[in-house]
Each structure stands twice: as structure tokens, then as C-alpha cells.
K.L.:
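I have a structure I would like to understand better, so I am pasting it below and will then ask my questions one at a time.
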Amino acid sequence: MRLAAGLLIGCVLAMPARAEVVSIADAVGTSLIVEIAWNDPVDLDIFLTDPPGETVYFANRLAKGGAVMGRESGCAEAAQGDGPYSETIRIPTALSGRYRVSVDFIKDCGNTTLKADLRVVVKSADGTVLGRGKSDVQYRNLNPVAWEFDVK
Amino acid sequence: MNTWGGMKCAGLLTLAMLATDVAGLQAREIAVTVVDDSGQPVPLVMVTAVPAEAGGKDGMVMPEETVFTGRDGVALVTAPESGAVNVRLRKSGFSDGEGTATGTAVSLTLKKETDPQALADNTPANAWAAVIDLGDGNLKTHFRLQCAFCHQQGTPNTIADRTEEEWEKIIDRMIRYGSRLRSSAQDELPKLLKAEHKRLLANPSLIPPVKAWEDHLTKARITEWTLGDSSSQLHDVFVASTGLVYAGDNLQDNLIELDPETNISVVHKIPKREGDKLGGNIGGRLKNYPGVGTYVGLHSLAESLVDNHLFLTGSDSSRLVEFAPETQSFTLYDLPEGYYPHTVRIDQKDRVWFTMAVSNQVAMFDRTSNTFKFYDLPTRSLKEKATITALPVILKLANWGVPIHKMPIDAESGGLPLPYGIEIAPNGHVWFTRLHSDEIARVNPDTDEVTFFKTPFVSPRRLRADADGNLWITVFAEGRLAKFDPKTETFTLYDLPTEPAGSETPYSLNVDRKRGIVWINGTASDSMIRFDIAKEEWKIFPLPRRRTFTRDVDIAEDGSIFTSNGSFPAWHIEDGQPTVIRIVTEN
């Protein structure tokens, strides 16, 4: 059933949205928070790949470059109440270079949603928004390049 | 067909200029003396010298050098003429030592380690993986076959106290990448892996020791060049007739060239075609990798004996890629049929032979007539035949984002027979393995006859022929080495010397035909294993970086060997840094 539904959707869906790379100036060495947020009651997972190429996510919680998994939301949170839901990764000391945000949609938590829209935001430690973007992710597919930003 | 070129001329010029510079570089020898707490010399300590300055000039990669102390506790390392050199010491049963050498001698102390946790942390992953108890031996073999061919199991990254749900999600991702874990195992493993990781994390003393290092190491010299980054995968490695070494970065479409004499490396970007998709056109398997940068999926390399051009398989684009070193240009060949060109070798008649892993074929590109020939191989059942026939549709669906990895995988049809390693024997016969159907086979190019031989073991991965035409095969999931004699059509099995016994998952091997030596990848145990065919004698060479996952080995004219750390993901490697490694032995 699910495969058949996925098949139909697969035919009509375009590639996930891809935004311009955002530049964040004077941020090398500062502390940053990357957050994804979404409204559908499903389990999305944030992945952050740092400039040396290591990815932090729920199964690799701490990168050698310092980035560390923060808040997580899964099916338990989706069952508990209304969205928005969010996940975060903290970068204690930002490195110079490109960071890539990828998003996966592994579990639908019993819902029929096959594509989830999401928002990405990068904040400084005091909460100032340094960049924001939008993307989406299809059920059981990683959107490898949901959003990218350059720390300068 | 497209030809690309001309863009590397400036690079060539700089390279020539740099080479003259390096030639003038003097080396110094540093005597490193290692003693223990009581001042006694410690023999067989792995001493690695890491230049404080990584390179300096564009393209220059200063290598790290590793040697082992003798009975007197002294090791001599070579280093650049001046400047500080960081020295790292390593030996089983001791905690790592460190120091800096500024002159030509340094004395360092190594401390005994007694904390079971620290000892377990410093033991190669095969020890951890050996004691994971999945109850059923058959399931463990399947786990070794389907979970140990991209990265090691039992590393700090895989070991964690995770929930069953997290294991389920991880396994879901692994299957998208290409693990063919059968459906029943997908159901069973989350619970078992959760329980086993919890048990072993709580009891580090259950992690057994590995084999103690032996005297032959005092004559070995290991050189390691850092190439690519944590999003790279240096899959296969090749020593060209020019002495240049090439490694293919499977995740970033880079053909990385290294001159081991001058330490200069040049990156050749494999061109893509308009419309190519990130992650490849064949099911978008690698699109699941967050650091993905590939469109082609560079896999294996071989050299033409006629014009020294390199041929590379582009697995995820179903392309053959030709590289002309003299013009540094690429030619792309779109294969007229089939999926997933895998290992490639070139015969004396300049025919390029390669396995087509997913479409169950062996293919040949005849350079003289510019034509392709495909050998469709038999399937094991109607179900398997149906799967292979449906591939064009299945892979198209995957390209559209339909989650094909959720199709059930049973032990047979879902497994696909998987033609894998390939080799040209001295008599011109072409041999290949089928990893999932436990067979090796011979193609006679004169008659086009294909003959299969069932292996008395599971998972024949890659193979090579020796000077007498015998085939040497890695038995991946059983941790053994096999020999096949084509004259008598018999197999001989050898246990690998890795300890704990049977804990190795050897990915590949190569045969030094001139010297009668088989070199085997100690993929699970951070090592290379040398087998002297005539003497039936084993030697293990531990590699400097923890989590060195090797998948290929090539042999230089002088008998030294080259391999690459191709862990996928590369961040499992000790410092997240892929490398090309050379071992020089006494021979």
C-alpha cells in the first residue's frame, strides 16, 4: 500500500527545493545554533555536515569539530501535541567554511504525509537570527542539501 | 562520447616547478628511544612521526612516517631537514605516548595501561565485533556480510547505548545505502544490537585482546599521506606504470593522483554531463549521504598496457571513464546497457573487463573496435530473474524518490547474485566472483564460454591470480583466504592469522606475482596481512590510524604496497582523515 502510494507521489513530486547559500559574516569562532522546524506530526531528523566533512545527527552526536546534537523530536513528540516540532544542533565554535543542513524523514509516525515542509534558521548564542530558509523533504528520502550556509 | 581536456595545463607547469623544489629537500633521521616507567627499553612500539607543517606548497602533502622500535627500544624515523616533528607512540597494553622532536634524537616514556575501558578503546574494532552475540551463527555471518563492507563495526561511532527505534532508523539508512540485510534480520537486529551494545559497554573487560605485534615489524616502514576530507571515500587505489599512485574518491568524483617521490598530489575532477543528478543516476543511492558530492560514483581503476590510459568504473552513473595522463583529460562512455559497473581489469589485448554488479553481467569494452560486449549471467531462481528484469523500472522509481529500499529482501532474490571482483589470469582467462551466490566463474574470451564453480564458503569478494594461474579469493564474511586451482578445480581454505580467530572481514587482496606473496586487506582490524605462498607464512602489519578500513591493495615494482583508508563514512577514521598508505617491507 505504502509503496504504491509512494509510487504515485514519486511521479508528481519535483526535486526538493534548494535555496541559495547564505553567507554569515564575522562568525568564525562564535557559537551558533542551527534549527529545523516543521508542522506535520511526523519524525524529521536534522543532519549538519561541518566544513571538514563530518555529519552530526541522532546517531553521531558529537563531531570532532565541536558541533553537537541538541533538541530532538520524534514520534513521541508528534503524538503528544500540536506542532511546530523542532530539532537543533549547536556549534560551540564555528569553523570557517561551508555548513550543510540535510533533513531526513524516516518515520511517518502513523500519518499519511509523504512530504513535509520545514524551516531552517541559524542563530547566534544570544538568539539573533543570522540566516533563515525553507525546504522540504520526502518520506523515506534524505534531502541532502536542504540548506547551506558559509561561515566567514 | 565526450572528451574533456585542456584545463589542467597550468597545473602541470606548477607541478614541474614544485618537483624541482622538492628534489632539493633534505631529510634528517631522528632516533626515537622508548622506555617504560622503570626506564627499560620497550620493543615493538609503533612510532609515528607527523610533520608539524602539513605541506606548505599547493598540492604538497607531507607524509607521516611509521616505524617500530627494536629490542633496544630505538626506532629511526626520517623527517624533513628542519622543523619540529610530532611523535606518537602506540602499543597494545600501553596508553598512547606523545612527544616532539626538534633535533635528531628524542627519548620518550610509554605508560602501561590497566584500565579495562582504556584498553578496550585502544583495541581494533574486530575484537569488539567478535564478541557481539546475535544468538544464531547464521545471523552473525549475515550481519558481517551486510554490515561490515562500508565501515567497521565495533568503533566508537557504532558503539553506543541506543534505543531500538534509533537502531531501526539507522538500519533503514544503511539499506538505502546498499546493505542487503534480509527482511527478517531487519526485524531482529534492532533489539539484539541494543542489548549487545548495552552489555558490552558495561563490561569492557569482555573485549578480547588482539594478536601481539611481531619482530618482522622492525624492518617495516609505513608512509601515510592525508588526501581528501571527512566527506571523501578513497575506495580503490592503483599504482600506475609511471610510479604515480591514484585513488578514486567515490563520494566527490575526484581522481586523486599522488607522486610518492615528491609528495605532490593533484586532484582531477571527473566531469559530469548536463542533467546528471547529485548522488548518481542509478537509483540515487548516494543521495542519502549528507556530504554527497558525487554524480559519477568512481569505484575501481585499471591501466591499459598499450597507452597507459586509466579506465575507471563510474558505478552510480553506469559509465566507464577513461583518463589520459599525457593530456590529463577524461573521456566518458555511457554504457549501452546494465547497471553498476564495479571492478575493472584490462587484458593483454587491451580489452577492458568489468563486472556489472546490479544487472548481473560481465562486460567487456574492446578498445580496438570501440565496442562493448555484455555477458548476461544465469540467475538462481525465477524470482531473481524477475527482479533483474524489472531493474530499469525499479531504479527509475528510485530516481523519482520512491523508497525502493522498503521492498522486502529475502535471502535470494533481494540479495541479487552480485558479480563482484574480476581478474585476468596469466593465460588470458577472465575470472570473477559472485558475492551473494557463492560462486567464482571463468570467462574464456576466445569461446565466450562462462563456467561457474560453487565455492565451499560464503561471500567470495575480490580475487587475483598468482603467477601459476591459481586464484586467491577473500572470504569476506568468514574471515578466511581461499585458493582455487583451475587445473584440479579444487579449493583450499586458509584461516587468517587475525585474532580473535575468524574476526576479520577481508575485503580484497592482491598477488605480488614476482615474489609469490598474497597481500590481504585486514579490513576489520586496521591491518594489512602478508602471506608467503611457498612458505605458507603469515605476517601482520598494523596500520597507524585507528579505524583504517581498506578495500584494495596494489603492488609497486619494488614490492612495496599501497592501500587507502576508504572508510565510508570517513569520520569513523581516528582523525576523520582518509589516507593513502605505503608499506615497505624487507621482502
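A note on names: the letters A, B, ... follow the listed sequences, proteins ahead of strands, and every chain is numbered from 1.
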K.L.:
Within the supplied structure, the quantity of interest is the number of heavy atoms (other residues, nucleotides, ligands) at a distance under 6.0 Å from B:Lys191 NZ; does it exceed 12?
P.N.:
no

K.L.:
What part of B:Asp172 is in contact with chain A, defined as an atom under 4.5 angstrom from a non-hydrogen atom: side chain, backbone, both or neither?
P.N.:
side chain

K.L.:
Taking all heavy atoms of A:Gly53 and all of B:Ser231, pick out the closest pair and write down the distance.
P.N.:
O-OG, 3.1 Å

K.L.:
Measuring from B:Ile171:CD1 to A:Ile106:CD1, what's the distance to the nearest 0.5 Å?
P.N.:
11.5 Å

K.L.:
Inspect the contact between B:Lys169 and A:Asp43 and indicate whether a charged nitrogen and a carboxylate oxygen are less than 4.0 angstrom apart.
P.N.:
yes

K.L.:
Which atoms of A:Phe47 come close to chain B, meaning under 4.5 Å heavy atom to heavy atom: side chain ones, backbone ones, both, or neither?
P.N.:
side chain

K.L.:
Tell me if the CZ atom of B:Arg182 is crowded by more than 12 foreign heavy atoms within 6.0 Å.
P.N.:
yes

K.L.:
Side chain, backbone, both or neither: which part of B:Pro290 has an atom under 4.5 Å from a heavy atom of chain A?
P.N.:
both

K.L.:
Mind ranking A:Pro52, A:Ser102, A:Pro51 by heavy-atom pairs under 4.5 Å with chain B and telling me who comes out on top?
P.N.:
A:Pro52

K.L.:
Side chain, backbone, both or neither: which part of A:Asn141 has an atom under 4.5 Å from a heavy atom of chain B?
P.N.:
both

K.L.:
Enter the distance from B:Ile573:CD1 to A:Glu54:CD here, rounded to the nearest 0.5 Å.
P.N.:
11.0 Å

K.L.:
Using 0.5 Å steps for rounding, measure from the CH2 atom of B:Trp571 to the CG atom of A:Asp50.
P.N.:
9.5 Å

K.L.:
Under 4.5 Å, counting heavy-atom pairs only, tell me which of B:Glu168, B:Gln577, B:Glu165 racks up the most with chain A.
P.N.:
B:Glu165

K.L.:
Ion pair present between B:Arg173 and A:Asp45, side-chain N to carboxylate O less than 4.0 angstrom?
P.N.:
no

K.L.:
Taking all atoms of both residues into account, what is the closest heavy-atom pair of B:Gly291 and A:Thr49, and its distance?
P.N.:
N-OG1, 4.2 Å

K.L.:
Kindly give the heavy-atom pair with the smallest separation between B:Arg176 and A:Leu142, and that separation in Å.
P.N.:
NH1-N, 3.4 Å

K.L.:
Between B:Glu574 and chain A, with a heavy-atom cut-off of 4.5 Å, which part of the residue counts as in contact: side chain, backbone, both or neither?
P.N.:
backbone

K.L.:
Does B:Gln117, at its CD atom, have more than 12 non-hydrogen atoms belonging to other residues, nucleotides or ligands within less than 6.0 Å?
P.N.:
yes

K.L.:
Search all heavy atoms of A:Glu72 against all heavy atoms of B:Glu166 and return the closest pair with its distance.
P.N.:
OE1-OE2, 4.5 Å

